[in-house]
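Note sheet for the following structure.
First the proteins, then the strands, lettered A, B, ... as listed; each starts at 1.
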Amino acid sequence: MDKKIYNIYQKLYDVYGAQGWWPLVNHPKKYHKLDYSYPHTSNEIFEVCLGSILTQNTTFISVEKSLQNLKSLNALDPKSIVNLDIEVFKTAIRPSGYYNQKAKYILEFIKFFEDLDGKIPTREELLLVLGIGEETADSILLYGYKQTQYKVDAYTKRIFLSLGLIPNSYKYKDIKNLIESNLSNIITNKQQLLIVYQEFHALIVQHGKNYYSKKPYGAGCFLSN
DNA sequence: AACCAGGACGTGA
DNA sequence: TCACGTCATGGT
């Protein structure tokens with residue numbers, strides 16, 4: 001069994017430590033480091049979903065502003081958002097960009113979320129919702145519903161490509177399968193696997209910001225083995 | 001001042 | 001299936 005991917009995870013964890021994703025606005029430290037019990041409530045699950053949509057192709061700092069705006073409006077829950085004037089809602093999420101699209105996506109998602117009535121959605125169900133693609137679906141499942149679904153992102157492909165672990169032709173599903181099959185073969189404990197998935201993705205984003213955001217990608221990266 | 005950010009969708013080959 | 005344009009604000 002090839003342990004290359006797991007070794008990368010361990011190296012990143014050694015360097016950066018636990019990341020404490022998904023950040024929640026009502027948590028005193030936002031990033032609840034080493035506490036994997038979150039989200040605790042339906043509203044916190046919804047906040048993860050909301051953040052997952054808002055963070056599409058945007059920095060989370062911008063998303064935090066949007067979430068704070070909604071919190072100030074007392075509207076950090078599905079019902080309150082629906083009851084907001086649509087223009088007020090759009091203005092609130094404006095810092096995250098694509099606010100017209102995202103407002104529509106979020107309202108679509110709220111209908112779906114309410115219909116779930118507390119049940120855990122399947123990945124297939126999520127993908128049917130307008131505005132929920134593969135990455136957002138995995139984000140919602142991994143961080144909102146604590147499901148062992150690995151979340152791939154642009155940094156993941158960039159890093160793995162740079163390290164020669166995948167060909168350029170690999171698509172989202174290929175990368176997801178590679179990582180999940182590797183890690184799930186090494187980590188047999190499901191709870192531990194969930195923690196590793198959650199931390200690994202967050203670590204890759206942190207590392208990606210440091211070494212893979214501007215060209216030449218990977219300059220100074222310490223992961224080459 | 002171009003470029004990028006914790007992507008998804010619609011369209012036409 | 002795939003490449004390409006569109007969506008948009010905010011930081012570097």
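Of the candidate nucleotides B/dC4, C/dA8, B/dG6, C/dA8 has the atom lying nearest to any side-chain atom of A/Y99. Of the candidates C/dA8, B/dC4, B/dG6, C/dA8 carries the atom nearest the A/Q101 side chain, counting heavy atoms from C-beta on. Residue A/L130 places its side chain closer to B/dG10 than to any other of C/dA8, B/dG10, B/dG7. For A/N100, the side-chain atoms get nearest to C/dA8 when compared with the rest of C/dG10, C/dA8, B/dA8. Across B/dG7, B/dC4, B/dG6, the shortest atom-to-atom separation from the side chain of A/K215 is found for B/dC4.
An OP1 or OP2 oxygen of C/dG11 is reached within less than 4.0 angstrom by a side-chain nitrogen or oxygen of A/K65. For B/dG6, one of the phosphate oxygens OP1 or OP2 lies less than 4.0 angstrom from a side-chain nitrogen or oxygen of A/Y155. Taking 4.0 angstrom as the limit, A/R158 places none of its side-chain polar atoms (N or O) nearer than this to OP1 or OP2 of B/dG6. A sub-4.0 Å separation between OP1 or OP2 of B/dC4 and a side-chain N or O of A/N57 is absent. Residue A/K171 places at least one side-chain N or O closer than 4.0 Å to OP1 or OP2 of C/dC2. For the OP1/OP2 pair of B/dC4 and a distance below 4.0 Å, the side-chain nitrogens and oxygens of A/T59 include no atom meeting the criterion.
Summarising the geometry, the separation between CD on A/Q206 and P on B/dG6 is reported as 10 Å, rounded to the nearest angstrom. Atoms NZ (A/K209) and P (B/dA5) sit 11 Å apart, rounded to a whole Å. A straight line from NZ of A/K102 to P of B/dA5 spans 14 Å, rounded to a whole angstrom. Distance, A/R94 CZ to C/dC7 P: 15 Å, rounded to whole Å. In this entry the distance linking CD1 of A/I140 with C1' of B/dG7 reads 13 Å, nearest Å. Rounded to a whole Å, the CG atom of A/N168 is 13 Å from the C1' atom of C/dC2.
Projected onto DNA chain B by closest heavy-atom contact, A/L127 and A/S52 fall at different nucleotides, the more 5' of which corresponds to A/S52. The residue among A/V129 and A/D153 whose nearest nucleotide of DNA chain B lies closer to the 5′ end is A/D153.
At a threshold of 4.5 Å between non-hydrogen side-chain atoms, the residues A/C49 and A/Y145 count as touching.
We find that A/K176 and A/E134 are not joined by a salt bridge, their nearest charged nitrogen and carboxylate oxygen being 4.0 Å or further apart.
Across all strands shown, A/F109 has no heavy atoms under 4.0 Å from either base or sugar-phosphate atoms. Using a 4.0 Å heavy-atom cutoff across all strands shown, A/I132 reaches sugar-phosphate atoms only and no base atom. Here A/T136 lies in heavy-atom contact (under 4.0 Å) with sugar-phosphate atoms only.
Using cut-offs of 30° and 60° for the angle between ring planes, the A/W22 and A/Y143 rings count as tilted.
A gap of 22 Å separates the P atoms of C/dC7 and B/dG6, to the nearest Å. B/dA5 and C/dA8 have their C1' atoms separated by 12 Å, with the value rounded to a whole Å. For the P atom pair drawn from C/dG5 and B/dC4, the interatomic distance equals 15 Å after rounding to whole Å.
The shortest non-hydrogen separation linking A/L141 to A/P121 is CD2-O, 3.4 Å.
In this model, no donor atom of one side chain and acceptor atom of the other lie less than 3.5 Å apart for A/E47 and A/Y38.
Stacking here means ring centres nearer than 5.5 Å and ring planes tilted less than 30 degrees, and by that measure A/F60 stacks onto B/dG6. Both stacking criteria are satisfied for A/W21 over the base of B/dG6: a centre-to-centre distance under 5.5 angstrom and an angle between ring planes under 30 degrees.
Distance alone, capped at 3.5 Å, is enough to place a donor-acceptor pair between the A/S184 side chain and the A/E180 backbone.
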